Structures are given as structure tokens and as C-alpha cells.
S.K.: 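Here it is, the structure in full.
In each ligand, atom 1 is the first atom listed, and ligand 1 is the first ligand listed. Treat the numbers as computed from the prediction; the structure is a model and nothing was measured.
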Amino acid sequence: MPRERREPEKWLFTNALMRQAILAIGEVMGERGLKVVLRQAGMERYVDELPPDDLEQGISTTEYAALNQAVEEFYGRAGKGMLKRIGRASFRYGVEEQTALMGVAGAALKLMPQKTRIKFILTQTAKSLMDVNDETYIEIQETPEGFAFADFTCGVCCGRKAEHPICHLYIGSISEAVKWATGHDYEVREIECRSMGAEACRFLVAERE
Ligand SMILES: [Zn+2]
């Protein structure tokens with residue numbers, strides 16, 4: 001069961017993760033686009049200076065959600081695809097920061113079957129996110145349709161309400177993580193979202209074939 005948690009409005013977010021997201025937005029949207037969405041999200045302070053590259057919980061999680069919302073609103077209908085691209089780029093920045101750890105994992109992965117690789121990367125991702133933030137709670141579930149990554153403390157939609165799943169950036173990051181571990185593109189879908197009242201944002205990594 002999930003641990004005791006405070007209200008989502010009080011959740012805190014890891015500096016390095018926000019830094020990676022901002023770098024990824026800059027890569028996908030360009031510097032001008034990045035400035036627009038930072039201002040829109042009320043985060044002007046990061047226009048000239050990125051958050052520090054450390055694992056402190058220095059940011060309000062609702063700001064991370066506001067940044068996602070700003071990108072979505074900037075692009076309208078194209079927002080979903082752009083956020084997925086940003087999520088992919090964000091994971092790649094994360095891998096770069098942890099080259100030593102990921103290098104060892106990468107070598108071990110080559111010897112495993114595909115399904116084990118998927119489980120491994122999802123479990124490792126969940127573990128590292130929970131290690132840096134006491135409040136984060138994620139479960140990896142095995143279902144007949146494939147593995148599900150269930151985040152009970154999703155930052156993407158923190159405090160938001162929606163009629164359909166909105167954690168597109170998260171889909172992108174999970175897609176890129178699975179690709180990194182398997183060498184293949186798997187379909188990742190968000191089947192439940194906290195913004196719609198679910199207890200967790202649940203991302204299904206579909207089995208291939
Ligand atoms: Zn979510």
C-alpha cells in the first residue's frame with residue numbers, strides 16, 4: 001500500500017528532474033519557446049538559471065504540473081506529441097547524468113530476455129524515483145496485457161483535473177526508458193490518470209506482437 005502522504009499541493013519535486021525537463025523543453029521547443037512556457041507557468045526564475053543539478057527536493061510539484069500544462073496549451077492539439085518528445089529527451093538527460101550506473105545496467109541487460117529487460121528498467125526507474133523522494137510511491141504491476149507502471153504521486157498532473165489522461169510527458173519518458181533497455185519501441189498508454197480521479201497514473205507497456 002502507498003505510504004502516508006501529504007496533500008498534493010504540498011508535494012515537493014527533485015531539482016535534477018526539473019532541470020532535465022527544462023533542458024528537454026529547450027531542446028524540443030527552442031530557447032524562445034522555452035521562455036514562453038516558463039513565463040506562462042510562473043517560473044521566470046529559470047529563464048536565465050536552471051535549477052541546481054542535485055537530488056534535493058527544492059521545487060513545488062504543482063510547478064512541474066504547471067509547466068506541463070503550459071506546453072500543452074502552447075501547442076493545442078499538437079501538445080500531446082510534443083510532450084511525449086519532451087519526455088523522451090528528459091529521460092536521455094537523466095541517463096547522461098547517471099552514466100556509471102546505467103552503463104553497468106546496460107551491459108547486464110544485453111544478456112536478458114526482452115520481458116525481463118522491461119521489468120528491470122521499470123523497476124529501476126521506480127526505485128530511483130522513490131529513493132530520491134520519500135513521498136514518491138510507484139508500483140510495477142504485471143497484467144495480462146503487459147507491465148503497468150503505476151505512480152500514486154504523479155507530478156505531471158499534480159493538482160490538475162481532466163476528462164482524459166494528461167501525463168503525456170511521462171509516457172514519453174517511459175517509452176524512452178523501455179527503448180533504452182530493449183532496443184525496441186513498445187507502445188505505452190496511460191490507462192488511468194489521477195487528474196480523472198484515479199488513485200494512480202497507470203502506464204501500460206504493451207507486449208509486442
Ligand atoms: Zn499523472
S.K.: Whether Arg92 and Glu27 form a salt bridge (side-chain N of Lys/Arg under 4.0 Å from carboxylate O of Asp/Glu) is what I want to check.
M.R.: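 Arg92 and Glu27: salt-bridged.
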
S.K.: Would you call the rings of Phe203 and Tyr170 parallel, tilted or perpendicular, taking 30° and 60° as the class edges?
M.R.: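 Ring orientation, 0 to 90° scale: tilted.
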
S.K.: Any side-chain heavy atom of Lys115 sitting closer than 4.5 Å to one from Phe147?
M.R.: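 When only atoms from C-beta onward are counted, Phe147 and Lys115 do touch, with a gap below 4.5 Å.
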
S.K.: Are Glu135 and Arg6 close enough for a salt bridge, meaning some N to O gap below 4.0 Å?
M.R.: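 Between Arg6 and Glu135 there is a salt bridge, with a charged N closer than 4.0 Å to a carboxylate O.
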
S.K.: Around the Zn ion (ligand 1), how many protein N, O or S atoms are closer than 2.8 Å?
M.R.: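 Those protein atoms number 4 in total.
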
S.K.: Give a yes or no on whether Asp48 atom CG has more than 12 heavy-atom contacts from other residues, nucleotides or ligands under 6.0 Å away.
M.R.: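 At most 12 heavy atoms, drawn from other residues, nucleotides or ligands, come within 6.0 Å of this atom.
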
S.K.: Between Arg85 and Glu176, does any NZ, NE, NH1 or NH2 come within less than 4.0 Å of an OD or OE carboxylate oxygen?
M.R.: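 Salt bridge flag = no for Arg85 with Glu176.
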
